[in-house]
Amino acid sequence: QVQLVESGGGLVQAGRSLRLSCAASGRTFGNYAMGWFRQAPGKEREFVARISWGGGSTDYADSVKGRFTISRDNAKNTMYLQMNSLKPEDTAVYYCARDLSYTKILRTPDYWGQGTQVTVSS
């Protein structure tokens, strides 16, 4: 049974930082591309960042480029999202996801976590 468990969300003032974690169960974490997505109230879920299975390739949405950093530690079965210079518009539920394909994860990941709330106050 695959499990992706996000943590690290919370309430933070604009301009501050948060680091999200996504812990995965199982022995095959290193085989998968991983990604972060978010969904704000009343909006569709959107792509935030992705990272290839070995961490050598990363990609970001324009809205977070230069402020967010995605990383992973395959030895710990964990992916991270370092979020700096947070803005009120970053407020959303953040989800981690996985897929065998670095391309396919952009649109249809095969597995999602349950999400963690991030709220940025102005």
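The residues of the chain are indexed from 1 along the displayed sequence.
Residue E6 holds its CD atom at 4.0 Å from SG of C96, rounded to the nearest 0.5 Å. Of the inter-residue distances, the one linking F68 atom CZ with N84 atom CG reads 8.5 Å to the nearest 0.5 angstrom. Rounding to the nearest 0.5 angstrom, the gap separating the CE atom in M83 from the OG1 atom in T69 is 11.0 Å. For the atom pair CD1 (I105) and CZ (F37), the distance works out to 5.5 Å, reported to the nearest 0.5 Å. Here the straight-line distance linking atom OG of S57 with atom CD1 of I51 works out to 9.0 Å at 0.5 Å rounding. In this structure, the separation between CE on M79 and CG on N74 is 11.0 Å, given to the nearest 0.5 Å.
Taking a 6.0 Å sphere around CD of Q39, one finds it holds more than 12 heavy atoms contributed by other residues, nucleotides or ligands. At most 12 non-hydrogen atoms from other residues, nucleotides or ligands lie less than 6.0 angstrom from NZ of K43.
Using a cutoff of 4.0 Å between basic side-chain nitrogens and carboxylate oxygens, K87 and D90 are not scored as salt-bridged. Salt bridge annotation for K104-D110: absent, with no cationic side-chain nitrogen under 4.0 angstrom from a carboxylate oxygen.
Counting only heavy atoms from C-beta outward, the side chains of Q114 and V5 never approach each other to under 4.5 Å. Counting only heavy atoms from C-beta outward, the side chains of T116 and Y95 never approach each other to under 4.5 Å. Under the 4.5 Å side-chain criterion, counting only non-hydrogen atoms from C-beta, R72 is not in contact with Y80. Under the 4.5 Å side-chain criterion, counting only non-hydrogen atoms from C-beta, D99 is not in contact with T108.
In this structure, the side chain of R107 does not engage the main chain of T103 through any donor-acceptor pair within 3.5 Å. Between the side chain of Y60 and the backbone N or O of V48, no donor-acceptor pair lies under 3.5 Å.
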What verdict does the side-chain contact (heavy atoms from CB on, under 4.5 Å) test give for N77 and R27, after you've listed the backbone C-alpha separation in whole Å, the side-chain angles of each residue and the deciding distance to 0.1 Å? CA-CA 8 Å; N77 280 16; R27 300 179 182 180; over 6 Å; no
Kindly indicate, with the supporting measurements, whether the criterion side-chain contact (heavy atoms from CB on, under 4.5 Å) is fulfilled by L106 and R50. CA-CA 8 Å; L106 275 176; R50 59 175 171 162; 3.6 Å; yes
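Between P88 and S122, the closest heavy-atom pair is CG-CB, 3.9 Å.
Inspection of the T78 and D73 side chains reveals no N or O donor paired with an N or O acceptor under 3.5 Å. For Y94 and R38, the side-chain atoms include at least one donor-acceptor pair closer than 3.5 Å. Under 3.5 Å, the side chains of T91 and E89 contain no donor-acceptor pair of N or O atoms.
Considering only residues two or more places apart in sequence or on other chains, V12 meets the side chain to side chain contact (heavy atoms under 4.5 Å, CB included) condition with R16, L18, L86, V120.
No cation-pi contact links R98 to W112, judged by a cut-off of 6.0 Å to the six-membered ring centre and 45° from its axis.
Of the residues L20, V64, L81, the one that meets the side chain to side chain contact (heavy atoms under 4.5 Å, CB included) test with I70 is L81.
Note: F47 and W36 fail the aromatic proximity criterion, with ring centroids not under 6.0 Å apart.
Hydrophobic cluster membership is shared by Y111 and Y32, with clusters built from Ile, Leu, Val, Met, Phe, Trp and Tyr side chains linked at under 4.5 angstrom. In the hydrophobic clustering of ILVMFWY residues, with side-chain heavy atoms under 4.5 Å counting as a link, V93 and L4 come out apart.
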